[in-house]
Amino acid sequence: MLFTDYRQFVAEDWELVSVTAFMLGATPVIWFRCEPLISYTAVFLLFFIISVCVIRLVMLLAQKWIIGEETICWMRGVISQETDFIELYRIVDYKESQSFLQRLMGIKTVTVYSTDRSDSVIEIKGVPAKEDVVGYIREHVEKCKIDKKIYEITNN
């Protein structure tokens with residue numbers, strides 16, 4: 001089972017994290033040096049930005065990936081939950097990528113391409129960079145294709 005790493009939040013929402021850090025430093029200064037209306041506005045903005053950060057982080061961390069013998073299961077949701085299943089024999093390609101911030105934080109994104117109509121491209125974000133998720137998926141995909149006698153035909 002894979003969970004999205006919290007470091008993905010910083011890599012994905014670095015602008016929001018930067019504004020929050022700025023507001024955490026600026027609000028006490030504004031509180032003691034400005035008029036009450038400006039001070040209360042700054043405090044309101046700080047709580048609003050922190051609330052947005054917490055909601056985004058909780059939604060990101062509420063994602064779970066279960067890579068089984070025959071399916072990849074993607075569960076997400078905080079209040080209500082949604083689950084998508086992809087049959088492994090439908091997977092046709094894989095890709096690993098890292099943005100600059102992901103490289104700094106030691107995480108990556110694994111993209112899976114399938115022939116599934118509803119989920120043809122799936123991104124598994126926030127995977128620790130040292131984990132060989134693609135190798136694990138590839139091994140199970142090949143096993144499923146052999147078990148179900150599915151062969152790829154190419155034009156060369």
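Scope of the values below: all heavy atoms of this structure, side chains included, with no hydrogens, waters or symmetry mates.
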- Query: Crowded around Arg7 CZ? As in, over 12 foreign heavy atoms under 6.0 Å?
  - Reply: yes

When rounded to the nearest 0.5 angstrom, what distance separates [atom1] in [X] from [atom2] in [Y]?
X      : Y      : atom1 : atom2 : value
Arg90  : Lys145 : CZ    : NZ    : 11.5 Å
Ile124 : Trp74  : CD1   : CH2   : 9.5 Å
Lys149 : Tyr89  : NZ    : OH    : 14.5 Å
Ser99  : Leu104 : OG    : CG    : 8.5 Å
Thr111 : Lys125 : OG1   : NZ    : 9.0 Å
Thr20  : Leu45  : OG1   : CG    : 11.0 Å

Applying the 4.5 Å side-chain criterion to the ILVMFWY set and letting contacts propagate, would [X] and [Y] be lumped into a single cluster?
X      : Y     : answer
Ile122 : Leu88 : yes
Leu37  : Phe44 : no
Leu61  : Ile55 : no
Val54  : Leu46 : yes
Val19  : Val29 : no

- Specify whether His140 and Tyr136 have parallel, tilted or perpendicular ring planes, treating 30° as the upper limit for parallel and 60° as the lower limit for perpendicular. tilted

- When the ring planes of Trp31 and Tyr40 are compared, do they come out parallel, tilted or perpendicular, using 30° and 60° as the limits? perpendicular

Determine whether [X] and [Y] make a side-chain contact, defined as any pair of heavy atoms from C-beta on separated by less than 4.5 Å.
X      : Y      : answer
Val17  : Phe9   : yes
Val112 : Ile86  : no
Tyr94  : Val110 : no
Val10  : Leu101 : no
Trp65  : Thr4   : yes
Ile72  : Ile91  : yes
Ile50  : Leu24  : yes

Got a donor-acceptor contact below 3.5 angstrom from the [X] side chain to the [Y] backbone?
X      : Y      : value
Lys108 : Glu131 : yes
Ser39  : Glu35  : yes
Ser114 : Glu87  : no

Taking all heavy atoms of [X] and all of [Y], pick out the closest pair and write down the distance.
X     : Y      : value
Met23 : Ala42  : CE-O, 3.6 Å
Pro28 : Gly25  : CD-O, 3.6 Å
Gln98 : Gln102 : CA-OE1, 3.3 Å

- Query: Of Glu82, Gln63, Gln81, which is the lone residue that meets side chain to side chain contact (heavy atoms under 4.5 Å, CB included) with Met75?
  - Reply: Gln81

- Are the charged groups of Arg56 and Glu12 less than 4.0 angstrom apart, N to O? yes

- Task: Under the salt bridge (charged side-chain N to carboxylate O under 4.0 Å, His left out) rule, collect the residues that match up with Asp84, sequence neighbours excluded.
- Result: Arg76

